[in-house]
Amino acid sequence: MKKVPRFQFTEAHEMTADGTVKFVCSSNRDHWPWLGLDPFDPIVVQSINYWASIETGIARGLLDPAKWSALTRMDWTCGNQGAGRPVTGISEQSGASDEPGYRLKLFDAKDAVVLEINGTGVMFNTRDFETWRMKAKKKIGALATPDTFSYADAAAVGVMQQHECFLSELNPDKIPCAQALITQDNGFPPAHPYHSGSGDHVNSTHLADAARQFVHQLQGGPQTDISGGEMTFVRYVELGYPFDIKLDPETGSTTSFAMQISQADQLCAKVTLRLRSD
């Protein structure tokens, strides 16, 4: 990120001697429309992960908002079914100065655990970020637009409106796969009701949402009920260029789905989503 956010999701920061930050979660749906979703929806999880980790890092004085940073790995576990919207939380620091880590724990109004999140990132202190990214984009190929991409039906991927769909229909190969396309036009407000972010690349929230849509197509049934997951990031996924989601051939479970995300034949991320078994 390159500037302090206009609005903050975490408020009333209170830091203890060991660097733990206690906070209150915003309830403003005008600023954070995804608060209207189920608290275990990957969009909610990844949005909280992004804003809470950034804001509490700034509160500690350990994160410079004028420098580019990136998430390299994160995992999360959802609370029990019936947990409500997160209203308070704590953030603990971990990792090293060049690869800062964090642990987030969110609670609902009854102090029940809603989410537990662990993450690791990296700070780009000297890299000419913009020039480096521009060179990478030129190697991918031609830009695409949503009107030229063949998206699956909204119901098939478990979203309410067609413009929330990011995926094609599944390819009937032995290893299930699909293409996805996220652009400035369909991946951010006002076109998309819930996604936000830097607008510089396909972010972790987009990827987690696309992975959930992929699993929903695989399941072909009722709404996907996710109990947790993990994500590892290798390369940026660029906006405006199609990318591929493929089920890891080693996946042999009906409640845990490991996926590989690639763009221009290069591995960009790995995502695993775990479903509730009860």
Side-chain angles (χ1 to χ4, degrees), residues 7 9-10 23-53 74-90 104-119 152-167 180 182 186-197 203-231 245 254-257 259 271-278:
F7 306 113
F9 174 69
T10 62
F23 57 86
V24 175
C25 301
S26 172
S27 60
N28 191 324
R29 292 191 184 182
D30 290 333
H31 295 168
W32 317 107
W34 39 264
L35 285 173
L37 298 173
D38 185 277
F40 303 142
D41 190 297
I43 295 176
V44 177
V45 175
Q46 296 299 325
S47 296
I48 289 176
N49 176 59
Y50 176 78
W51 292 111
S53 63
M74 65 87 63
D75 64 77
W76 74 99
T77 301
C78 300
N80 294 329
Q81 287 178 313
R85 178 184 64 80
V87 297
T88 61
I90 59 172
L104 299 170
K105 199 167 186 178
L106 287 299
F107 307 89
D108 68 10
K110 296 181 179 179
D111 290 330
V113 175
V114 183
L115 293 168
E116 294 185 68
I117 302 172
N118 299 284
D153 289 337
V157 300
V159 297
M160 295 298 295
Q161 304 178 74
Q162 186 60 41
H163 58 258
E164 297 176 46
C165 175
F166 292 147
L167 264 63
I182 300 175
N186 73 344
F188 300 90
H192 200 287
Y194 305 119
H195 281 288
S196 60
N203 59 42
S204 63
T205 312
H206 290 127
L207 295 179
D209 189 13
R212 187 210 57 77
Q213 293 183 24
F214 183 80
V215 171
H216 192 95
Q217 282 202 81
L218 285 174
Q219 293 286 89
Q223 189 68 30
T224 305
D225 189 2
I226 296 172
S227 64
E230 58 186 72
M231 303 179 73
I245 302 181
T254 58
T255 58
S256 181
F257 296 86
M259 292 155 276
V271 183
T272 297
L273 297 182
R274 299 188 300 273
L275 308 187
R276 295 188 190 274
S277 57
D278 51 2

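Below, all heavy atoms of this structure are taken into account, side chains as well, without hydrogens, waters or symmetry copies. Everything numeric in this text was worked out from a predicted model, so none of it was measured.
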Within-4.5 Å side-chain heavy-atom neighbours: [X] and [Y]:
{"X": "Leu218", "Y": "Phe257", "answer": "yes"}
{"X": "Asp153", "Y": "Cys165", "answer": "no"}
{"X": "Phe107", "Y": "Val114", "answer": "no"}
{"X": "Phe9", "Y": "His31", "answer": "no"}
{"X": "Arg212", "Y": "Val159", "answer": "yes"}
{"X": "Leu115", "Y": "Val45", "answer": "yes"}

To the nearest 0.5 Å, tell me how far [X] [atom1] sits from [Y] [atom2].
{"X": "Asp30", "Y": "Leu35", "atom1": "CG", "atom2": "CG", "value": "10.5 Å"}
{"X": "Asn203", "Y": "Ile182", "atom1": "CG", "atom2": "CD1", "value": "8.0 Å"}
{"X": "Trp51", "Y": "Trp32", "atom1": "CH2", "atom2": "CH2", "value": "4.5 Å"}
{"X": "Arg274", "Y": "Asp75", "atom1": "CZ", "atom2": "CG", "value": "7.5 Å"}
{"X": "Ile43", "Y": "Ser204", "atom1": "CD1", "atom2": "OG", "value": "11.5 Å"}
{"X": "Leu275", "Y": "Ile226", "atom1": "CG", "atom2": "CD1", "value": "6.5 Å"}

Is the backbone of [Y] close enough, under 3.5 Å, to the side chain of [X] for a donor and an acceptor to pair up by distance?
{"X": "Gln213", "Y": "Phe166", "value": "yes"}
{"X": "Glu230", "Y": "Leu273", "value": "no"}
{"X": "Arg85", "Y": "Ala109", "value": "no"}
{"X": "Asp38", "Y": "Phe40", "value": "yes"}
{"X": "Thr77", "Y": "Glu116", "value": "no"}

* Asked: Parallel, tilted or perpendicular: which fits the ring planes of Tyr194 and His192, with parallel below 30° and perpendicular above 60°?
  ->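 Ring orientation of Tyr194 relative to His192: perpendicular.
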
* To do: Start with the C-alpha distance between Asp209 and His206, add both sets of side-chain angles, then the distance that settles side chain to side chain donor-acceptor pair (under 3.5 Å), and finish with yes or no.
  => CA-CA 5 Å; Asp209 189 13; His206 290 127; over 6 Å; no

* **Trp34 and Ile48: CA distance, side-chain angles, deciding distance, side-chain contact (heavy atoms from CB on, under 4.5 Å) verdict** => CA-CA 10 Å; Trp34 39 264; Ile48 289 176; 3.8 Å; yes

* Distance-minimising heavy-atom pair for Val215 and Met259 ->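 Distance-wise, the nearest heavy atoms are CG2-CE, 3.8 Å.
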
* Do you know the tightest heavy-atom contact between Pro39 and Val44? ->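 Minimum heavy-atom separation between Pro39 and Val44: O-CG1, 3.7 Å.
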
* **Qualifying residue, where the test is side chain to side chain contact (heavy atoms under 4.5 Å, CB included) with Cys25 and the options are Leu106, Asp108, Thr88** =>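 That would be Leu106; it is the only one of Leu106, Asp108, Thr88 passing the side chain to side chain contact (heavy atoms under 4.5 Å, CB included) with Cys25.
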
* Asked: Under the side-chain contact (heavy atoms from CB on, under 4.5 Å) criterion, do His163 and Asn186 qualify, and how do the steps go?
  -> CA-CA 7 Å; His163 58 258; Asn186 73 344; 5.8 Å; no

